[in-house]
Amino acid sequence: MVHGTEGFLPVTLAPVRPSVSPVEIHLLSGRSLKLTAPMDAGWLHTLVRVLESPCG
């Protein structure tokens with residue numbers, strides 16, 4: 001049995017982000033990345049570098 005607010009829970013609404021067109025990146029290794037959200041350029045650079053490394 002719920003006491004007090006009788007079945008109601010607090011709700012928080014997040015702002016709606018405008019839709020972003022997907023970007024597809026084809027790597028030299030034959031792999032591809034499809035990104036649908038804005039990315040930090042430094043993070044993306046590091047990710048590509050790691051994926052293109054010999055052990056990546």
Side-chain angles (χ1 to χ4, degrees):
M1 179 169 185
V2 177
H3 296 284
T5 56
E6 301 275 341
F8 288 98
L9 298 174
V11 175
T12 303
L13 300 177
V16 176
R17 292 184 182 185
S19 60
V20 176
S21 298
V23 172
E24 193 162 357
I25 300 170
H26 296 275
L27 304 171
L28 296 173
S29 62
R31 297 174 179 157
S32 63
L33 301 171
K34 190 170 189 178
L35 308 172
T36 58
M39 296 288 149
D40 173 72
W43 180 86
L44 183 58
H45 180 270
T46 301
L47 176 64
V48 170
R49 191 177 68 229
V50 167
L51 292 175
E52 289 289 72
S53 69
C55 62

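Residues take their numbers from the sequence shown, with the count starting at 1. Note that the coordinates shown come from a computational prediction; the quantities given were computed from them, not determined experimentally. What you see below is based on every heavy atom in this structure, not just the backbone, and it leaves out hydrogens, waters and symmetry mates.
Here the closest heavy-atom approach between residue L51 and residue R31 is recorded as O-NH1, 3.0 Å. What you find for E52 and L27 is that their closest heavy atoms are OE1-CB, 3.4 Å.
Between atom CG of residue L44 and atom CD1 of residue I25 there is a gap of 4.5 Å, rounded to the nearest 0.5 Å.
V50 and L28 fall into different hydrophobic clusters, defined by Ile, Leu, Val, Met, Phe, Trp and Tyr side-chain heavy atoms under 4.5 Å apart, directly or through other members.
Residues V11 and L13 are in side-chain contact: their nearest non-hydrogen atoms beyond the backbone lie under 4.5 Å apart.
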